[in-house]
Amino acid sequence: QVQLVESGGGLVQAGGSLRLSCAASGRTFSNYAMGWFRQAPGLERELVAGISGSGGATYIPDSAKGRFTISRDNAKNTVYLQMNSLKPEDTAVYYCAAAKTWGVVMTADRYDSWGQGIQVTVSS
């Protein structure tokens with residue numbers, strides 16, 4: 001397992017942007033597929049972006065397509081989530097997760113390690 005620490009959350013107005021970062025411990029970061037999930041009160045945790053270990057493949061669901069971008073810097077052991085054109089419905093706790101595999105992972109139960117979560121609030 002890896003230790004994950006998210007940063008970059010906060011309060012933003014609708015239409016604004018935020019970039020979340022997730023720093024991972026360990027020396028084999030490229031062996032892990034990474035994902036960003038979010039969970040709003042009363043709702044299930046949902047995937048908003050996934051990326052393969054090399055960074056060559058990504059997945060963005062329709063709810064975030066065109067607005068969110070995932071990227072990673074394996075030299076810095078960090079994965080990023082760039083969020084643009086934010087909407088009030090994007091308000092949630094955002095979690096970074098790692099799965100010890102190379103391809104993009106789209107289901108939460110395949111992720112081995114989770115960050116503590118970070119709040120993102122979008123005001124209208």
Side-chain angles (χ1 to χ4, degrees):
Q1 290 189 342
V2 295
Q3 305 299 314
L4 303 171
V5 179
E6 300 101 336
S7 61
L11 174 65
V12 63
Q13 288 188 331
S17 298
L18 280 176
R19 188 176 82 154
L20 303 183
S21 299
C22 174
S25 65
R27 295 173 292 180
T28 57
F29 183 61
S30 60
N31 287 349
Y32 289 82
M34 301 297 294
W36 284 98
F37 289 78
R38 69 185 180 190
Q39 188 166 21
L43 299 179
E44 292 187 355
R45 191 170 295 191
E46 64 169 338
L47 177 73
V48 295
I51 190 166
S52 63
S54 68
T58 61
Y59 172 76
I60 307 289
D62 289 344
S63 60
K65 196 165 292 183
R67 301 188 301 123
F68 291 9
T69 303
I70 187 170
S71 62
R72 67 190 295 161
D73 185 339
N74 286 345
K76 295 182 178 180
N77 282 16
T78 302
V79 63
Y80 305 97
L81 182 67
Q82 178 67 43
M83 304 185 291
N84 299 326
S85 302
L86 283 162
K87 306 174 182 179
E89 51 264 43
D90 294 317
T91 295
V93 176
Y94 283 70
Y95 297 89
C96 173
K100 197 169 185 183
T101 187
W102 289 300
V104 178
V105 178
M106 293 185 281
T107 55
D109 60 358
R110 291 188 58 200
Y111 283 88
D112 309 301
S113 303
W114 293 83
Q116 79 284 358
I118 192 163
Q119 179 69 44
V120 170
T121 302
V122 184
S123 63
S124 58

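Just the heavy atoms: all of them, side chains too, but no hydrogens, waters or symmetry mates, feed the values below.
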Q: Could you grab the distance from atom CE of Met34 to atom CD1 of Ile51, nearest 0.5 Å is fine?
A: 9.5 Å
Q. Can you name the closest pair of heavy atoms from Glu6 and Gly115 and give their distance?
A. OE2-CA, 3.3 Å
Q: Report yes if some heavy atom in the side chain of Tyr95 is under 4.5 Å from a heavy atom in the side chain of Leu4; otherwise report no.
A: no
Q.
Would Arg45 and Phe37 count as a cation-pi pair here, with the cationic atom under 6.0 angstrom from the ring centre and within 45° of the axis?
A. no
Q) Side-chain contact, heavy-atom cut-off 4.5 Å: Met83 with Val48? A) no
(Q) Can you confirm whether more than 12 heavy atoms, excluding those of Lys76, are under 6.0 Å from its NZ atom? (A) no
Q. For Gly9 and Ile118, which heavy atoms make the closest approach, and how far apart are they?
A. N-CD1, 3.2 Å
Q: Taking the side chain as every heavy atom from C-beta outward, state whether Asn31 and Trp102 have any pair of such atoms under 4.5 Å apart.
A: yes
Q) Roughly how far, to the nearest 0.5 Å, is CG of Asp73 from CZ of Phe29? A) 8.5 Å
**Q.** N/O donor-acceptor pair under 3.5 Å between Ser52 side chain and Ala57 backbone
**A.** yes
Q. Just wondering, more than 12 heavy atoms not from Gln3 lying within 6.0 Å of its CD?
A. no
Q.
Assigning hydrophobic clusters by single linkage (Ile, Leu, Val, Met, Phe, Trp, Tyr; side-chain heavy-atom cutoff under 4.5 Å), is Tyr94 placed with Val105?
A. no
**Q.** Separation between CZ of Phe68 and CG of Asn84, rounded to the nearest 0.5 Å
**A.** 8.5 Å
(Q) Which heavy atom of Ala40 sits nearest to which heavy atom of Ala92, and what is that distance? (A) N-CB, 3.9 Å
Q | Shortest non-hydrogen contact from Ser17 toward Gln82 | A | CB-NE2, 4.0 Å
Q) Atom OH of Tyr80 and atom SG of Cys96: how far apart are they, to the nearest 0.5 Å? A) 11.5 Å
Q. Heavy-atom distance under 4.5 Å between the side chains of Arg38 and Ser63, does that happen here?
A. yes
Q.
Strictly distance-based, threshold 3.5 Å: is any side-chain N or O of Gln1 a donor or acceptor partner for the main-chain N or O of Asp112?
A. yes
Q.
Less than 4.0 angstrom from a charged side-chain N to a carboxylate O is my criterion; do Asp90 and Lys87 meet it?
A. no
Q: Of all the heavy-atom pairs spanning Ala14 and Ser124, show the shortest one and how long it is.
A: CB-CA, 4.3 Å
**Q.** Closest non-hydrogen atom pair, Asn74 against Ser30
**A.** ND2-CB, 3.4 Å
Q: Say whether, by atom type as modelled, one donor and one acceptor occur between the side chain of Thr91 and the main chain of Val122 under 3.5 angstrom.
A: yes
Q) If you measure from CD1 on Ile60 to CG on Leu81, what distance do you get to the nearest 0.5 Å? A) 7.0 Å
Q.
Checking the side chain of Arg67 only, and the main-chain atoms of Ser85 only, is there a donor and an acceptor separated by less than 3.5 Å?
A. yes
